[in-house]
Amino acid sequence: MFGSRRLSFRIQIGGEGGCEAADSGDDVVVEYKAMGTGTKTKFHKLIHLGHNDYVRAARVSLNLEQGARTAATVLRWRQLDNSGNGYDEWGVDRIVVTGNYTERVFEEDFTSPPSIP
């Protein structure tokens with residue numbers, strides 16, 4: 001993501017459409033890790049998304065921290081806690097990373113290993 005400045009995506013945590021609502025503490029975080037910066041590189045939090053804040057699908061857009069602007073950065077969306085299999089349904093869609101002059105859209109069907117351009 002060298003040169004990238006912004007990350008945007010759509011997220012829904014429980015809510016409408018028959019989804020089971022997430023409980024208190026079952027929040028989602030977006031984290032990044034800059035690969036190749038050391039043998040024990042850890043993930044750093046970009047944003048904390050509250051379990052009640054996205055019961056309807058909504059777009060989230062944020063500036064990437066300087067540490068995330070590398071040629072080998074990994075992004076992950078992770079739920080902090082859950083109530084077990086079949087509960088706390090949530091989803092992420094339309095992930096867009098924008099840079100100085102280009103926009104890269106990552107499309108994934110989650111049925112096979114990802115292909116990153």
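Position 1 is the first residue of the sequence, and the numbers go up from there.
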Undergrad: Checking Q12 side chain against V55 main chain: does a donor-acceptor pair fall under 3.5 Å?
TA: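 Yes: the side chain of Q12 pairs with the backbone of V55.
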Undergrad: Mind checking the OG1-CD spacing from T73 to E65? Nearest 0.5 Å is all I need.
TA: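 It is 11.0 Å, given to the nearest 0.5 Å.
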Undergrad: Distance from H51 atom NE2 to D23 atom CG, nearest 0.5 Å?
TA: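 So the NE2 of H51 and the CG of D23 are separated by 7.0 Å.
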Undergrad: I want to check something: taking the side chain as every heavy atom from C-beta on, are I13 and D26 in contact at a cut-off of under 4.5 Å?
TA: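 Heavy-atom side-chain distance check fails, nothing below 4.5 Å.
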Undergrad: Should R76 and E31 count as an ion pair when the cut-off is N to O under 4.0 Å?
TA: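 Looking at E31 together with R76, the answer is yes, because their closest N to O distance falls below 4.0 Å.
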Undergrad: Nearest 0.5 angstrom please: Q66 CD to R5 CZ, how far?
TA: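 With rounding to 0.5 Å, CD (Q66) is 7.0 Å from CZ (R5).
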Undergrad: So do F43 and V29 actually touch side chain to side chain, heavy atoms under 4.5 Å?
TA: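 When only atoms from C-beta onward are counted, F43 and V29 do not touch, as no gap falls below 4.5 Å.
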Undergrad: With side chain to side chain contact (heavy atoms under 4.5 Å, CB included) as the test, pick out the partner of S8 among L62, V60, V96.
TA: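 Among L62, V60, V96, the one that satisfies the side chain to side chain contact (heavy atoms under 4.5 Å, CB included) with S8 is V96.
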Undergrad: Measuring from atom CG of L64 to atom OG1 of T98, what distance do you get when rounded to the nearest 0.5 angstrom?
TA: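 The distance works out to 7.5 Å.
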Undergrad: Would you say the side chain of V28 lies within less than 4.5 Å of the side chain of L80, judging by non-hydrogen atoms?
TA: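 The answer is no, as the side chains (C-beta and beyond) never meet within the 4.5 Å cut-off.
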Undergrad: Could you check if a side-chain atom of I95 sits within less than 4.5 angstrom of a side-chain atom of L7, using non-hydrogen atoms only?
TA: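 Yes, side chains in contact.
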Undergrad: Compute the ring centroids of F9 and W77, then answer whether they are less than 6.0 Å apart.
TA: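 Ring-ring flag for F9/W77: true, centres closer than 6.0 Å.
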Undergrad: Could you state the interatomic distance from CD1 (I11) to CG (L49), rounded to the nearest 0.5 Å?
TA: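 Those atoms lie 4.5 Å apart.
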Undergrad: For residues H48 and D27, determine if any side-chain heavy atom of one lies less than 4.5 Å from a side-chain heavy atom of the other.
TA: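 Result yes, sub-4.5 Å side-chain heavy-atom pair found.
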Undergrad: Could you measure the distance from the CG atom of N52 to the OG atom of S24? Nearest 0.5 Å is fine.
TA: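 It comes to 8.0 Å.
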